[in-house]
Amino acid sequence: MTETEFQAMRQAVVDGDADAAEAAARASIAAGIPPLVAIDEGFMPGMKEVGAGFAAGDLFLPDMMLAARAMQRALAVLEPELKAASVERTVAGRVVIGTVAGDIHEIGKNLVGMLLSTSGFEVHDLGVNVAPERFVEAAREHRADIVGLSALLTTTMTGQRAVIAALTEAGMRPPVKVMVGGAPVTGAWAEEIGADGYSEDAMGAVELAKRLVGGGATGAGAEGPAR
Amino acid sequence: MTEPRTTPEAPAAPPAAPPATPRWDRLGPATAARLEEAALEILERTGVEIPVPEALDLLRTAGAAVDGSRVRIPERLVTRALEAAPKEVALHDRAGRPAIALAGNAAFFGPGSDCLNILDHRTGERRRATSADLREGLALADALPNIDFVMSMFLPADVDQTLADRHQAAAMLALTRKPIVLVTYELAGMLDALEMAELVAGGREALAERPQVAVYINVTRGLLCNEDAVRKLLVCAERGVPALWIPVTSGGTTGPITLAGTIAVNTAGILAGVVLSQLAREGAPLVVPGFGGDSLDLRTMVDPYCGPEPKGVAASLAHRWGLPMFSLGGGSDSKAVDGQAAAEASLTMLADALAGGHLIHDSGYLESGLTGSLAQLVVCDEIAGWIRALLRPVDTSDGALALDLVDQLGVDGSFLETDHTLERYRERWYPALFDRRGFEPWRAAGATTLAERAAVRVDELLGRHAPTPLDPDVEKAIRAVVDRAEATAGL
């Protein structure tokens, strides 16, 4: 029976059907499937499928958002069960993300945050026009593995360097990794300011984040697709 | 457009110019009225954010409801402002001669501004643009016969990025005699750029009377006016410098995903700018967007430059108000000077021209505005020439109809050798870049593609065209403005 139930969970997420996801979550509890297993074997594969479809250019951002909503609804049912059983979900990593000071562009940053969340990262989005000190505080508060810095303008991307300096000054580097992104940002820029990596697009940012928390990062130039 | 009428008993007048080619009105009166009504409702109900005390004072005094920095603007203020705003803005060349009049069905073409990258036509490499690219692009735009106005094209990476706008303004004023659209960062950048333009024009009054420049004001989004944008608008209104008030609302992110919803929000922001500019000074020259209503591409997350569905919508509204406009055609989402780039540039330039889009910018843009290409600019110049010929009214004068000649040659005569042909064959459009040769001559000449011929033409034009230099004293004074900005910034 379990395969059928996993299939229903996966399909509910793929279809972006929150009602079906909630029903599947309840059914899994009734069937005695451990909640962690339901998440990892049932719902997450659905998210991965949708993420892959988006990365391939077959699906649209709203498909991702609907899938994430369905996932959230299932988690709302399963998380109390996890708590009751004193089980903690392992996260892929903790990420603090924001658009640097002086810059109010948020769409790219929001997209990266959303894709990271749906890929199993715990994401703390600080919003736009974020001062360097705020990044430092939040990274400390949330025990961040990664700080993600967005900038759309050539005039504001220097703010990424300022945040890295503030993190260094606070003694948080190199354990806290920094990834940078935004239209004017390049691998060369990431290297120049001492970031751990950059990605040209949001899907690449997820891959980069996975590599960074996996500890395999070796210098900015190696990260992200060649240009 | 209706044909000018003459009464039957009127004395024979000199032959009138043929009537203008009718304009494509995308919306029609009923749809335009509904969109305008929606925008007015947004202005009254939701309001706009205008975070500048002087602007709020003007609006409050005029009767708008001001709550903090949120302003709700009643319809009567909009109606009055639309009446007061000039229905024609004329841009001039460097010598102060009228060059392009933004009014009626006019369509003028020019490049865009601030591309981060250049697709180098010599190496094929996509790389960061430099000051040398900026200068070459401007010299080329100055040389191209169908490019009517100039924008910076490139954001040079080899100057301090906070002052790149000063370098762009100085280069534009030095390298072209054509009208210029200035794009600057903060208010201070605009003031420096205007100071440079005044040096060329011969003073502030001369610039206002015969402006070579118009100022592009980028507004954050329809209902959110950033402080610099508002301050720039107030300064331009006060000085009589043409201002382009350009809010950009993106469907699905900063506005509703639907075309009508995004247009309504953006139009509210446009009208707020019209009101503010006319309150600052009645009759202040203002140019509104002839584009808008695009949505972020939700598959690639790229901001597309050539989606079909918004084309002509904002232009219909601007024509409804009779206001000069700044349109967006000639750009492409392609990464190469290829078939997609040529098709997208052609379609968007043609749509904007048919819609009477006045200042149509972004020729030469690739990669959704991130990369500029001089070869693509040359392709756009060719397209612009084609469109100009398309829009030319049909001459039905006696000389053009040549009925006597038709009768004289009868049913089987040859027209090739006649004086009529020899005198008039040049009235037909001939390409400079599109290839019309037969197959063998084309192959013998290297079997080139459009992109290859365009790259060659870039260097031909740059090789033989030297922009007319500025008076050395003026050039020196402009340099001093840039130096002063650098000194102020501590560079």
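Just so it is clear: chains get the letters A, B, ... in the order the sequence lines come, proteins before strands, and each one is counted from 1.
- In this structure the side chain of Thr154(A) reaches within 4.5 angstrom of the side chain of Tyr185(B), judged on heavy atoms.
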Checklist entry - Which is it for Leu153(A) and Gln161(B) under the side chain to side chain contact (heavy atoms under 4.5 Å, CB included) test, yes or no, and what are the steps along the way? => result CA-CA 9 Å; Leu153(A) 307 173; Gln161(B) 290 303 288; over 6 Å; no
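- Other residues, nucleotides and ligands contribute more than 12 heavy atoms inside 6.0 Å of the CD atom of Gln7(A).
- Within the model, atoms CG of Leu298(B) and CZ of Phe54(A) stand 8.0 Å from one another, a figure rounded to the nearest 0.5 Å.
- By the neighbour-count criterion of 12 heavy atoms within 6.0 Å, atom CZ of Arg143(A) is sparsely surrounded, having that number or fewer from other residues, nucleotides or ligands.
- Using non-hydrogen atoms only and a strict 4.5 Å limit, the part of residues 102-112 of chain A facing chain B consists of Ile104(A), Ile107(A), Leu111(A).
- The structure places OG1 of Thr155(A) at 9.0 Å from CG of Asp165(B), a figure rounded to the nearest 0.5 Å.
- For Leu296(B), the part sitting under 4.5 Å from any heavy atom of chain A is the side chain, from C-beta outward, and nothing else.
- Of all residues spanning residues 66-78 of chain A, none has a heavy atom less than 4.5 Å away from chain B's heavy atoms.
- Interatomic distance, CZ of Phe60(A) versus CE of Met301(B), reported as 11.5 Å (0.5 Å rounding).
- For a residue to count as touching a neighbouring chain, one of its non-hydrogen atoms must lie under 4.5 Å from one of that chain's; by this rule Ser250(B) does not touch chain A.
- Taking 4.5 Å as the limit, every side-chain heavy atom of Leu61(A) sits out of range of all side-chain heavy atoms of Arg299(B).
- Smallest separation of non-hydrogen atoms from Leu116(B) and Pro184(A): CD1-CA, 3.6 Å.
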